[in-house]
Amino acid sequence: MIGVLVSGGGTNLQALLDAGLPVVAVASNRADAPALARAAHVPRAAFELATYPDRAARDAAMADWLREQGVELVVLAGYMHILTPAFLERFPNAVVNVHPSLLPDFPGAHAVEEQLAAGVAESGATVHLVDEGVDSGPVLAQERVPVLPGDTRETLHERIKAVEHRLLPEVVRELCAR
Ligand code: GRF
């Protein structure tokens with residue numbers, strides 16, 4: 001049973017849904033995240049930081065809700081907040097993230113721009129286990145994506161996302177079968 005955390009457009013959430021994976025809950029740090037609309041048939045909830053005393057309290061409430069929905073594996077699909085121990089200790093070794101670079105190179109929220117600025121010839125998509133750091137847990141799967149002449153943030157990110165949409169469901173399917 002999978003819970004997906006989203007903050008943005010939700011194309012990776014869509015890929016998980018299209019793959020027929022058992023997504024039973026979708027949560028966001030933003031009530032207005034467009035991704036939430038993609039899962040109208042699934043229990044959804046927003047946990048906005050402003051409505052909790054601190055990040056740990058928000059994360060504990062989010063973990064409680066996911067557990068109530070029967071979630072055993074959490075997938076971060078464009079979730080833009082760092083998870084605190086209050087969350088991670090509720091899902092030991094069972095939180096995965098997808099990131100648009102060949103980690104450990106270019107962690108963080110601006111990976112695509114930073115790769116273009118650095119002039120790398122190759123980018124990639126990485127699926128990894130989540131720890132308390134920024135995009136720092138053990139890598140589960142990684143695939144290279146070429147950077148082409150004239151690439152913009154948008155064109156490169158689209159090329160990476162096309163790979164993410166295949167790689168993430170593959171890895172999640174394997175984890176579900178463990
Ligand atoms: C993806 O590129 C993912 O690697 C990164 O955020 C982006 C999310 O895109 N963490 P979407 O919301 O799934 O379309």
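Throughout, residue positions are numbered sequentially from 1 according to the sequence presented. Heavy-atom basis, side chains included; hydrogens, waters and symmetry copies ignored. Order of listing sets the numbers, starting from 1, for every ligand and every atom in it.
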If we only count N/O pairs under 3.5 Å, is Asn97 in contact with ligand 1?
no
Ligand 1 atoms nearer than 4.0 angstrom to some heavy atom of Gly9 are 12 (O)
Suppose we measure from atom 6 (O) of ligand 1 to each protein heavy atom; which comes out shortest, and what is that distance?
Gly78 CA, 3.6 Å
Return yes when atom CG of Asn93 has more than 12 non-hydrogen atoms of other residues, nucleotides or ligands closer than 6.0 Å, and no otherwise.
no
Check whether any N or O atom of Leu13, backbone or side chain, sits under 3.5 Å from an N or O atom of ligand 1, and answer yes or no.
no
Nearest-0.5 Å distance, CD of residue Gln69 to CD1 of residue Ile2
14.5 Å
Taking the side chain from Asp151 and the backbone from Leu148, do they hold a donor-acceptor pair closer than 3.5 Å?
yes
Should you measure from each heavy atom of His99, which atoms of ligand 1 turn up under 4.0 Å away?
4 (O)
Do Asp105 and Ser101 have side-chain N/O donor and acceptor atoms under 3.5 Å apart?
no
Hey, what do you get for OG (Ser28) to CZ (Arg44), rounding to the nearest 0.5 Å?
11.0 Å
Does ligand 1 have any atom sitting under 4.0 Å from a heavy atom of Pro100?
yes
Cation-pi check for Phe91 against Arg67: NZ or CZ below 6.0 Å from the six-membered ring centre and within 45 degrees of the axis, yes or no?
yes
Numbered atoms and elements of ligand 1 in range of Glu164, under 4.0 angstrom, heavy atoms
1 (C), 2 (O), 3 (C), 4 (O)
Considering only protein heavy atoms, which is closest to atom 12 (O) of ligand 1, and at what distance to one decimal place?
Gly10 N, 2.8 Å
Going by the closest heavy atom to atom 10 (N) of ligand 1, which one wins out of Leu76, Val98, Val4, Ile160?
Val98
With a 4.0 Å cut-off on heavy atoms, is His157 in contact with ligand 1?
yes
Atoms in ligand 1 flagged as close to Thr11, the criterion being non-hydrogen separation under 4.0 Å
11 (P), 12 (O), 13 (O), 14 (O)
Any side-chain heavy atom of Arg166 within less than 4.5 Å of one from Glu143?
yes
When you check the side-chain N and O atoms of Ser7 and His81, is any donor under 3.5 Å from an acceptor?
no
